[in-house]
Structure formats: C-alpha cells, structure tokens
Amino acid sequence: MSHFMIIGAGECGARAAFALRENGFEGDITLVGDEPITPYERPPLSKAGLKGSDQPKFIVERERYDEEGIRLILGAGARDLDTRGNRVTLTDGRSLSYDKLLLATGAIARPFPGVAGGAGRIRSLRNHADALAFGELLREGSHIAIVGGGFIGLELAATARKAGADVTVIEGLPRVLKRGVPEEIAEVITERHRAEGVDIRCEVSISSLEETAEKATVRLASGGTVEADLVIVGIGALPNTDLAERAGLVIENGIAVDEYLRTSVPDVFAAGDCCSFPMPLYGGRRMRLESWRNAQVQGVLAAANMLGEHEPVSAVPWFWSDQYDMTLQIAGLADGATTTLRRDVGEGAFLLFHLDEAGRLLAASGIGPGNAVARDIRLSEMLIAARARPDPQALVASDVKLKSLLAA
Ligand SMILES: Cc1cc2nc3c(=O)[nH]c(=O)nc-3n(C[C@H](O)[C@H](O)[C@H](O)COP(=O)(O)OP(=O)(O)OC[C@H]3O[C@@H](n4cnc5c(N)ncnc54)[C@H](O)[C@@H]3O)c2cc1C
C-alpha cells in the first residue's frame with residue numbers, strides 16, 4: 001500500500017492530511033510534527049491572552065485523525081531526509097519510508113541578532129508555549145516591550161493593552177507595518193494604538209537586548225533604555241528550510257517549488273509558509289506567503305497534486321489582522337501598482353484599490369470595525385482573480401456595488 005508522509009503538523013500539514021482522504025486516497029498517511037500537541041491554529045495566539053491551562057484551538061479534533069486513519073506522530077521532528085532512498089529519519093531514531101512526501105515545515109520567528117531567545121524574558125511568539133508565557137505576564141501594570149511594529153507585534157500590543165499592561169512598541173523604520181500595508185491604513189492603526197495608550201516609537205534603533213531573572217532591558221542606540229517584564233521580538237519570520245537544505249533541495253527564499261508545489265526532487269512536495277512558488281496571476285513572480293489561508297489552500301492543493309492532479313497555484317493571496325475591534329484585510333499584492341483609489345464604506349471603514357498602469361486591479365486593502373470590509377474584499381478578490389480593469393470612477397463611488405463591476 002502507498003505511504004504518503006507529511007512533515008510539519010501545522011495548518012498546511014493537517015489540512016493536507018485530511019484532503020488526501022477527502023480526495024479518496026486509501027493508502028497510509030503519516031503526519032509528523034515536532035510540537036507535542038495536536039495541530040492547532042496560530043492566529044488566535046496573538047489575539048487572545050492565554051492562561052496556564054488554556055488549550056489551543058485545534059485545527060481538527062484529535063479523534064478525527066484516528067477516524068480518518070491518519071497516523072499522527074507528535075513531539076518527534078524529522079531529522080534527516082534521504083530523497084534517493086525515499087526515507088525520513090526522526091529525532092527519536094525511527095526511520096520511515098515514503099512513496100510521496102510533503103514538506104510543510106512552516107516558519108520560525110526571526111531571531112534578534114545576538115539573542116538566542118527562548119524561555120526567558122526575551123521571547124518571540126510563534127507557538128502555544130510562547131503564547132502561554134506571554135499570557136502569564138499579562139496583568140494590570142506589567143510592562144511589555146515589543147520589538148517590531150509588524151502584525152504580530154501590534155496584535156500582541158492590543159491584547160496586552162486589553163489586559164491592562166503597559167506597552168511600548170519599538171520600530172526601526174519610519175512607520176509600523178511598512179511591509180505590505182499602505183501608509184493610510186498604517187496611520188489609522190497607529191492612531192488607534194496611541195489612543196489606547198500604547199507607546200509606539202518609530203525610527204528607533206536598538207543596540208542590545210538584555211535580561212536578568214527580574215526584568216528585560218532594551219538598550220537604544222540613542223543611549224536610552226526601555227525596561228520591561230517581557231520583551232517580545234516580532235521582527236518577521238524565516239522559512240523553516242533546515243531539513244530540505246540538508247537533503248539538497250533547491251532553496252530560494254524558502255523551499256523552491258514549481259506552480260504545482262513540486263520541489264526540485266521527485267516525489268517531494270512543499271507547501272505553506274516554508275515554500276516559495278511562482279504565481280501565474282502576477283506574471284509568474286516567485287513569492288513566499290506567510291498567511292493562514294495560503295497554508296490551508298496550498299495544503300489542499302498539494303494533496304491533490306500528490307494524487308496525480310495537475311493543478312497550478314491560483315488563489316489570490318489574502319491576509320487579515322484583528323486589533324481591538326478593527327479588522328484589516330488585504331487581498332492580492334500591491335507591488336507594481338501605480339494608482340491607489342479610496343472608497344469609504346461607512347462606520348469609519350474604507351478600502352484602497354491598487355491598480356497598475358494598464359488599470360488592472362492588483363490588490364485591495366481595507367480596514368474597519370468588525371466585518372465592515374469583509375464582503376468588499378471578497379468581491380475585490382474575485383476582480384483580482386479575473387484580472388479585471390474596473391472603472392476607476394465606479395471603484396471610488398460607494399453607492400456602486402462592487403458586484404456589479406464583477407458582472408461587467
Ligand atoms: C502568532 C501568529 C498569529 C498569526 N496571525 C495570522 C493572521 O491573523 N492572519 C493570517 O493570515 N495569518 C496569521 N498567521 C500566519 C499563519 O498562522 C501561518 O501562515 C500558518 O500557520 C502557516 O502554516 P504552516 O502549516 O505552513 O506552518 P506552521 O503553522 O509554522 O506549521 C509548521 C509546523 O511544522 C513543524 N516542523 C517544522 N520542522 C519540522 C520537522 N523537521 N519535523 C517535524 N515538524 C516540523 C513546526 O514546529 C510547526 O508545528 C499568524 C502566525 C502567528 C505565529
């Protein structure tokens with residue numbers, strides 16, 4: 001009987017395992033994860049302050065793996081991959097052969113230079129254990145310093161403020177969310193954080209991070225210091241390519257795959273945060289996404305292609321972030337846009353449409369309370385997928401329904 005193995009039991013790996021069954025695969029499936037718990041959702045980790053006994057939100061309940069005949073090996077990583085012999089050796093010494101393999105090893109938090117990070121008062125936030133450590137220090141009057149004004153840092157800032165902690169965000173660039181978020185939206189977010197009492201400092205360089213048993217200190221290049229009970233380093237993520245690199249797979253800002261998610265060696269696929277892929281929708285440009293929906297969609301796509309389908313990557317990139325009662329959503333990729341148009345949608349919510357020189361809609365971003373922009377972003381996604389060139393006048397007119405542009 002065929003044996004399909006998946007390394008990495010996160011969003012992508014777990015979805016792929018179930019998708020194999022949904023597609024009728026009757027062979028053996030093994031899902032290997034180095035974390036000791038049933039695969040869980042990462043987005044809630046930065047949006048809610050977890051307490052000691054809180055369980056993560058599982059992607060799929062534990063018993064469903066047994067029901068579907070998915071063998072789950074947890075708490076043991078894949079140490080070596082022999083792509084000639086189709087064999088994986090685990091950190092506990094077990095050696096397993098496979099017919100097809102999916103690498104879904106995700107990403108790791110980018111470490112601050114010179115700081116090992118980990119269990120003390122200087123941490124990043126990538127997994128459930130990190131979220132518990134963060135939650136433990138969340139209380140009235142505790143001080144959290146966040147290095148990096150990216151999505152995770154700002155979500156944590158909102159969570160910490162809601163719990164009554166004092167929060168300082170230190171960003172090296174002139175503004176927060178410099179990567180991928182339009183300035184107009186970043187300004188709304190910054191203002192809201194400041195109104196909530198977060199001390200956001202931009203264009204500030206850090207010379208070192210230090211910790212003792214009692215406190216952590218951020219030393220600034222200007223000579224000042226920020227002292228905190230906990231420093232969270234949120235300066236981005238790096239694709240987890242160790243295993244693939246040692247096995248000799250081609251790496252290019254992640255494990256390089258083609259549009260069918262095939263790596264450079266036969267029978268081995270890669271998907272989710274760990275891989276870079278060419279995107280036909282954007283002229284075949286190679287990209288790597290760190291987004292929940294991409295991990296899901298690629299997990300399902302990889303499963304289909306492992307079973308012999310020949311389906312290219314086609315989904316429009318989509319990302320969301322929740323901070324306080326605001327939701328930010330982004331569909332598509334705005335690089336290459338020459339024009340930005342704004343549409344107000346009420347309740348302080350607005351959308352920005354990013355078009356290229358030829359008038360093609362490349363991306364749409366929006367922010368507002370709750371679900372205020374969700375529907376319009378969904379319609380924008382469809383316009384982006386259709387490579388539409390919507391009438392700019394209609395895009396900015398809030399009384400013109402985006403659905404009508406889709407029909408046009
Ligand atoms: C705190 C946080 C908040 C987020 N919020 C949002 C959000 O609001 N919106 C959004 O769109 N996205 C969000 N994301 C991003 C989203 O969660 C990721 O894009 C998604 O989890 C990627 O899934 P993945 O399966 O590719 O990788 P991961 O979720 O990283 O899973 C990979 C798994 O593989 C394991 N692994 C690695 N190497 C090995 C090995 N050799 N052997 C065995 N196991 C291994 C890892 O330990 C991990 O468990 C957030 C991420 C984080 C960390």
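Hydrogens, waters and symmetry mates are skipped; everything else that's a heavy atom, side chains included, is used. Every number for a ligand or one of its atoms is a count from 1 in the order of the listing.
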Quick one: does Cys274 get within less than 4.0 Å of ligand 1, heavy atoms only? no
Applying a heavy-atom cut-off of 4.0 Å, say which part of Phe151 lies close to ligand 1: side chain, backbone, both or neither. neither
Parallel, tilted or perpendicular: which describes the rings of Phe18 and Tyr65, with under 30° parallel and over 60° perpendicular? perpendicular
Does the side chain of Arg288 come within less than 4.5 Å of Phe277's, by heavy atoms? no
Within-4.5 Å side-chain heavy-atom neighbours: Ile170 and Val226: yes
Any atom of ligand 1 sitting under 4.0 Å from a heavy atom of Glu155? yes
Could you pull out, from Gly13, Ala14, Pro43, the option with a heavy atom nearest to atom 6 (C) of ligand 1? Pro43
Please work out whether any backbone atom (N, CA, C, O) or any side-chain heavy atom from C-beta onward of Asp34 is under 4.0 Å from ligand 1, and answer side chain, backbone, both or neither. both
Going by the atom numbers of ligand 1, which of them fall below 4.0 Å from some non-hydrogen atom of Gly272? 26 (O)
Is ligand 1 under 4.0 Å from a heavy atom in the side chain of Glu41, in the backbone, in both, or in neither? neither
Pairs satisfying side chain to side chain donor-acceptor pair (under 3.5 Å), at least one member in residues 131-143, at least two apart: His143-Thr168
Which of these, Ile330, Ile73, Leu125, has its nearest heavy atom closest to atom 1 (C) of ligand 1? Leu125
Looking only at heavy atoms, is any part of Asp242 under 4.0 Å from ligand 1, and if so is it the side chain, the backbone, or both, or is it neither? neither
Between Glu381 and Arg378, is the closest basic N to carboxylate O distance under 4.0 Å? no
